[in-house]
Amino acid sequence: MAAQLDYLTLKEIFRRFHEVEPEPKGELDHTNAYTLVVAVALSAQATDVGVNKATKALFKIADTPEKMLALGEEGLIEHIKTIGLYRNKAKNVIKLSRILVEQYGGEVPSSRAALQSLPGVGRKTANVVLNMWWGVPAQAVDTHIFRIGNRTGICPGKDVDAVERAIEDNIPAEYQHHAHHWLILHGRYVCKARKPNCPACLIRDLCPFDEKTL
DNA sequence: ATCCCGAGGG
DNA sequence: CCCTCTGGAT
């Protein structure tokens, strides 16, 4: 676990991220708050490319909780069988849809507590929805952010909660809201798990990892 | 700590 | 073959 980078280094790192990509977006396809929740829930331990492939047809016939309930668990499974963990995910999406209809008037709630009470929605998924849909500077720590946070020292921590705190406590306030997407895209395309592409890295000169592996 | 679990890459 | 992918519930 790399040591926490200092404030000025972090400021320079995010200045560069912002310069290259002022408005970073996620890559999970969705058409409304409901399909966003479902897409993020489906994305656990799966690639967004794989999730998008499955939800393309699914969201054409079930882009509301009511329609998802009409489709049913078995019908849903047929659409998401190509995604990992599909049995648990199908059960959760059906249960979650029923709760949205019965307790939230078919709408997606805007509080973390309400989101996290939904089956299949934990802290990470709730934070993604809060950030992307409700504009809250919530920090969802996924596999990429946990890895590169520790590898680079941008936001190190022994578990995801510690990494989330490292982000909130150390990343300059003006970059908090978009930090999630800058970090995840950097982790996905450059600072990859297996073969990090250090020569193509925007912050190579500020990273403690590269010099050890050259 | 363990289970869930298919697709894609190396 | 093995590893990784925007985790969550038990």
Side-chain angles (χ1 to χ4, degrees), chain A residues 17 21 24-30 33 35-59 73-74 76-100 108 112-134 136-152 154-155 157-164 166-167 171 176-198 213:
Chain A
F17 282 149
E21 185 58 74
K25 304 288 183 200
E27 299 181 322
L28 271 178
D29 293 341
H30 60 281
T35 51
L36 174 62
V37 172
V38 174
V40 178
L42 293 177
S43 73
Q45 300 293 284
T47 61
D48 59 343
V49 173
V51 173
N52 289 341
K53 200 174 294 182
T55 57
K56 182 169 184 179
L58 173 63
F59 290 160
E73 186 172 328
E74 294 309 314
L76 173 55
I77 284 179
E78 289 313 305
H79 281 90
I80 66 172
K81 236 183 182 322
T82 53
I83 305 177
L85 317 179
Y86 66 90
R87 274 185 274 263
N88 286 339
K89 289 173 181 175
K91 265 190 219 315
N92 287 332
V93 168
I94 294 299
K95 280 194 205 168
L96 155 172
S97 300
R98 188 166 293 124
I99 293 173
L100 289 181
V108 173
R112 169 149 47 221
L115 286 167
Q116 248 184 273
S117 74
L118 301 170
V121 179
R123 189 175 181 87
K124 180 263 173 181
T125 298
N127 279 341
V128 172
V129 175
L130 287 171
N131 187 306
M132 290 181 68
W133 195 260
W134 297 108
V136 176
Q139 301 302 338
V141 179
D142 72 323
T143 180
H144 294 297
I145 295 177
F146 183 78
R147 177 184 68 254
I148 75 171
N150 283 297
R151 181 185 279 169
T152 63
I154 290 175
C155 48
K158 25 200 158 303
D159 53 48
V160 293
D161 291 322
V163 170
E164 186 176 328
I167 295 172
I171 292 177
Q176 287 278 330
H177 184 251
H178 290 310
H180 172 69
H181 284 125
W182 281 318
L183 291 173
I184 197 170
L185 294 172
H186 184 64
R188 182 178 297 165
Y189 295 113
V190 182
C191 197
K192 297 179 286 188
R194 287 219 194 161
K195 226 183 102 187
N197 192 359
C198 295
T213 57

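Quick caveat: nothing in here was measured; it's all calculated off a predicted structure. Atom set for the values below is all heavy atoms of this structure, side chains included, hydrogens, waters and symmetry mates excluded. So you know, we letter chains A, B, ... as the sequences are listed, proteins then strands, and number each from 1.
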| Pairwise P distance for dT6(C) and dG9(B), with rounding to whole Å | 13 Å

| dA7(B) and dG8(C): how far apart are their P atoms, nearest whole angstrom? | 22 Å

Would you mind reading off the distance between [X] atom [atom1] and [N] atom [atom2], rounded to a whole angstrom?
X: Lys95(A); N: dG8(C); atom1: NZ; atom2: C1'; result: 12 Å
X: Arg87(A); N: dC3(B); atom1: CZ; atom2: P; result: 15 Å
X: Arg194(A); N: dC5(C); atom1: CZ; atom2: P; result: 9 Å
X: Arg188(A); N: dT4(C); atom1: CZ; atom2: C1'; result: 12 Å
X: Arg123(A); N: dA9(C); atom1: CZ; atom2: P; result: 13 Å
X: Leu115(A); N: dT6(C); atom1: CG; atom2: C1'; result: 16 Å
X: Asp48(A); N: dG9(B); atom1: CG; atom2: P; result: 13 Å
X: Glu27(A); N: dT6(C); atom1: CD; atom2: P; result: 9 Å

| When the ring planes of Phe17(A) and Trp182(A) are compared, do they come out parallel, tilted or perpendicular, using 30° and 60° as the limits? | parallel

From the options [options], select the nucleotide whose nearest atom is closest to the side chain of [X].
X: Arg147(A); options: dC5(C), dT6(C), dG7(C); answer: dC5(C)
X: Thr125(A); options: dC5(B), dT6(C), dG8(C); answer: dG8(C)
X: Ala46(A); options: dT6(C), dG6(B), dC4(B); answer: dG6(B)
X: Thr82(A); options: dT6(C), dG7(C), dA7(B); answer: dA7(B)

Does [X] make a side-chain N or O approach to OP1 or OP2 of [N] shorter than 4.0 Å?
X: His180(A); N: dT6(C); result: no
X: Lys53(A); N: dG8(B); result: yes
X: Gln45(A); N: dG7(C); result: yes

| request: Begin from the C-alpha positions of Val121(A) and Leu96(A) and carry the test side-chain contact (heavy atoms from CB on, under 4.5 Å) through to its verdict. | output: CA-CA 9 Å; Val121(A) 179; Leu96(A) 155 172; 3.9 Å; yes

| query | Quick one: on DNA chain C, does Ser117(A) or His181(A) contact a more 5' nucleotide (nearest heavy atom)? | reply | His181(A)

If you look at every strand shown and take non-hydrogen atoms under 4.0 Å, does [X] touch a base, only sugar-phosphate, or nothing?
X: Gly84(A); answer: base
X: Val121(A); answer: sugar-phosphate
X: Lys89(A); answer: nothing
X: Leu118(A); answer: sugar-phosphate
X: Gly187(A); answer: nothing
X: Gly120(A); answer: sugar-phosphate
X: Leu28(A); answer: base

| field | Intermediate values then yes/no, side-chain contact (heavy atoms from CB on, under 4.5 Å), Glu21(A) and His178(A) | value | CA-CA 10 Å; Glu21(A) 185 58 74; His178(A) 290 310; over 6 Å; no

| request: Report the C-alpha distance between Gln176(A) and Ile167(A) in whole Å, list the side-chain angles of each, state the deciding distance to 0.1 Å, and finish with yes or no for side-chain contact (heavy atoms from CB on, under 4.5 Å). | output: CA-CA 8 Å; Gln176(A) 287 278 330; Ile167(A) 295 172; 4.2 Å; yes

| note | Comparing Ile83(A) with Lys192(A), nearest DNA chain B nucleotide closer to 5' gives the residue Ile83(A)

| note | side-chain hydrogen bond (donor to acceptor under 3.5 Å, both in side chains) with Tyr86(A): of Lys81(A), Glu78(A), His79(A), only one passes, and it is Lys81(A)

| request: Apply side-chain contact (heavy atoms from CB on, under 4.5 Å) to Arg112(A) and Asn127(A), showing your working. | output: CA-CA 7 Å; Arg112(A) 169 149 47 221; Asn127(A) 279 341; 2.2 Å; yes

